[in-house]
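For reference, the structure discussed in these notes is given below.
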Amino acid sequence: MENKARERELLLSWEKGAVLPREFYCRDTVQVARELLGQVLVYHSPRGVAGGVIVETEAYLQGDPACHASRGQTPRNRVMFGPAGHAYIYFIYGMHYCFNIVTAAIGVGEAVLIRALEPLCGIELMQERRRRSDLRQLCRGPACLVQALGLDRSLNGAPVYKPPLLVYRGLAVSAENIVVTTRIGIKEGAGLPLRFYLRGSRFVSRP
DNA sequence: ATGATGATTAACT
DNA sequence: GTTAATCATCATG
């Protein structure tokens with residue numbers, strides 16, 4: 001398997017790396033969105049561990065019409081206004097969940113949407129949850145990765161720097177390996193260069 | 001109380 | 001490229 005060697009390499013970097021500290025997220029949201037590429041998102045679910053390398057992100061900013069927080073605080077978006085480094089998980093289209101990490105200072109409603117992962121661990125479990133065996137179809141898309149990892153509403157507001165949700169430091173990504181483009185699935189604020197993905201990754205939701 | 005809508009996905013043509 | 005699936009959330013009355 002060509003994937004085996006790759007998986008081993010990634011798993012090694014994950015095991016050696018440290019968990020990204022809370023402070024990592026208390027910064028400029030675009031910067032965090034870029035730097036999250038290459039890091040490893042892991043969820044220790046009751047059924048087992050699953051996770052992968054973050055290969056695609058989107059930034060949602062204050063004053064950005066596409067941002068859930070742009071029209072003030074509501075019960076749904078309240079965790080966006082809370083401390084950085086916590087999960088903002090919301091329900092959409094009557095059947096899907098999306099996973100974000102809150103960024104910036106308290107009171108500033110900004111976050112990074114995680115749009116795709118390169119599967120790394122818990123692959124059999126993810127294949128079962130997704131009812132698909134193809135690695136490329138496991139975590140390709142924001143709602144897909146949530147389903148693959150087994151995330152749900154109960155994790156809304158949970159920190160991502162301690163169990164059961166963890167983001168580990170992975171491989172560093174240079175600026176030339178980050179593609180900057182427009183976000184997907186929004187009406188207002190389309191056209192803003194706030195989507196980021198790993199150049200050449202076959203695991204992004206859309207090139 | 002009601003109605004419009006959505007940071008999607010899978011399965012079509 | 002098009003569309004059905006499916007409902008919590010929010011603005012409005």
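Labels below follow one simple rule: chain letters A, B, ... track the order of the sequence lines, proteins then strands, and each chain is numbered from 1.
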Tell me whether the side-chain N/O atoms of A/R140 come closer than 4.0 Å to OP1 or OP2 in B/dT9. no

Between B/dA10 and A/R130, is there an OP1 or OP2 to side-chain N/O distance shorter than 4.0 Å? yes

N/O to N/O distances under 3.5 Å, protein versus nucleotides 3-5 of chain B:
none

Distance-only side-chain donor-acceptor flag, A/R129 / A/S45, under 3.5 Å: yes

If you measure only the distance, is there a donor-acceptor pair under 3.5 Å linking the side chains of A/R195 and A/T182? no

From the list A/L117, A/L145, A/L198, side-chain contact (heavy atoms from CB on, under 4.5 Å) with A/I54 holds only for A/L117

Looking at B/dT8, B/dA7, B/dA11, which one has an atom nearest to any side-chain atom of A/R132? B/dA11

Should the pair A/R206-A/E56 be classified as a salt bridge under the 4.0 Å nitrogen-to-oxygen rule? no

Determine, for A/R183 against A/E58, whether the closest basic-nitrogen to carboxylate-oxygen distance falls under 4.0 angstrom. no

Count the heavy atoms of every other residue, nucleotide or ligand shown that sit under 6.0 Å from CD of A/E124, and state whether that count exceeds 12. no

In whole angstrom, give the distance that lies between atom [atom1] of [X] and atom [atom2] of [N].
X	N	atom1	atom2	value
A/L113	B/dG6	CG	P	16 Å
A/L145	B/dT8	CG	C1'	12 Å
A/I89	B/dA7	CD1	P	16 Å
A/Q73	C/dC10	CD	P	11 Å
A/F99	B/dT9	CZ	C1'	20 Å
A/Q137	B/dT9	CD	C1'	11 Å
A/R183	B/dT8	CZ	C1'	16 Å
A/R153	C/dA8	CZ	P	8 Å

Short side-chain to backbone donor-acceptor contact, [X] and [Y], under 3.5 Å:
X	Y	result
A/H86	A/G157	yes
A/T29	A/A59	no
A/N100	A/A111	no
A/R199	A/E176	yes
A/D28	A/Q31	yes

Taking only residues two or more places apart in sequence, or in another chain, which ones meet A/F91 in a ring pair (Phe, Tyr, Trp, His ring centres under 6.0 Å)? A/Y97

Within residues 55-66 of chain A, find the residues that approach DNA chain C with a heavy atom at under 4.0 Å, and present them sorted by residue number. none

Stem list for DNA chain B, please, built from Watson-Crick and G-U wobble pairs under 3.5 Å and keeping only runs of at least 3. B:1-6 with C:7-12, B:8-12 with C:1-5

Enumerate the salt bridge (charged side-chain N to carboxylate O under 4.0 Å, His left out) contacts for residues 70-93 of chain A, please, sequence neighbours excluded, ordered by first and then second residue. none

Within the sub-3.5 Å range, which N or O atoms of nucleotides 3-7 of chain C have a protein N or O partner, and how far apart are they?
residue, atom, partner, partner atom, Å
C/dT6, O2, A/Y93, O, 2.6

Check every strand shown and say whether A/R115 touches a base, only sugar-phosphate, or nothing at a heavy-atom separation below 4.0 Å. sugar-phosphate

Hey, does the side-chain of A/Y90 have a donor or acceptor N/O within less than 3.5 Å of a partner on the base of B/dA7? yes

Measure from NZ or CZ of A/R27 to the centre of the six-membered ring of A/F24 and say whether it is under 6.0 Å with the direction within 45° of the ring axis. yes

